[in-house]
Amino acid sequence: MSLTILLALPAAAQEDSETERGFDLLREGSRMILEGILEDMRPMLEEARPFFEEEMLPFLESLGALMDDITAYERPERLPNGDIIIRRSPDRPWTEPEEPEVGEDGEVEL
């Protein structure tokens with residue numbers, strides 16, 4: 001019985017190393033594919049960068065200021081007329097934001 005176990009150990013170790021080698025090759029292949037996709041997309045991303053910096057970031061910042069905490073809202077819903085509404089979750093009632101303190105010189109501490 002113990003002889004059978006001793007003979008099976010090298011075969012199991014070889015199987016594990018082959019499996020590990022297979023995973024390593026799969027990881028390396030996936031990395032190469034993703035790097036290739038990123039390299040192909042780089043010109044498009046660079047072209048789109050000004051739009052995101054000039055248009056999307058200010059929009060998202062103003063939306064964030066209005067929405068306070070994104071987790072307090074339900075998923076957006078598109079109405080039949082094309083309008084999109086974002087409802088506040090019923091378990092997260094609206095609370096008025098605190099007014100910032102204005103100093104004597106008119107400065108506001110953010």
Hey, what do you get for CE (Met32) to CD1 (Ile37), rounding to the nearest 0.5 Å?
12.5 Å
Suppose the criterion is salt bridge (Lys or Arg N to Asp or Glu O under 4.0 Å): which pairs have a residue in residues 52-62, not counting sequence neighbours?
Arg49-Glu53
Short N-O contact, Arg21 and Glu18, less than 4.0 angstrom
no
Honestly curious: do Leu60 and Leu45 fall in one hydrophobic cluster under the side-chain, below-4.5 Å linking rule?
no
Drop me the distance from Arg75's CZ to Ile85's CD1, to the nearest 0.5 angstrom.
13.5 Å
Could you state whether Met41 and Phe52 fall into the same hydrophobic cluster, counting links through intermediate Ile, Leu, Val, Met, Phe, Trp or Tyr residues with side-chain heavy atoms under 4.5 angstrom apart?
no
Is there a path of hydrophobic side-chain contacts, each under 4.5 Å between heavy atoms of I, L, V, M, F, W or Y residues, that connects Leu38 with Met44?
yes
Whether over 12 other heavy atoms sit under 6.0 Å from Glu28 CD
yes
Glu74 and Ile86 have their tightest heavy-atom pair at O-CG2, 3.8 Å
Under the side chain to side chain donor-acceptor pair (under 3.5 Å) test, which residues partner Glu77, sequence neighbours left out?
Arg87
Between Arg42 and Glu47, does any side-chain N to carboxylate O distance fall below 4.0 Å?
no
Which heavy-atom pair separates Ser89 from Thr71 by the least distance, and what is that distance?
OG-O, 4.5 Å
To the nearest 0.5 angstrom, please state how far the CG atom of Asp24 sits from the CG atom of Leu26.
9.5 Å
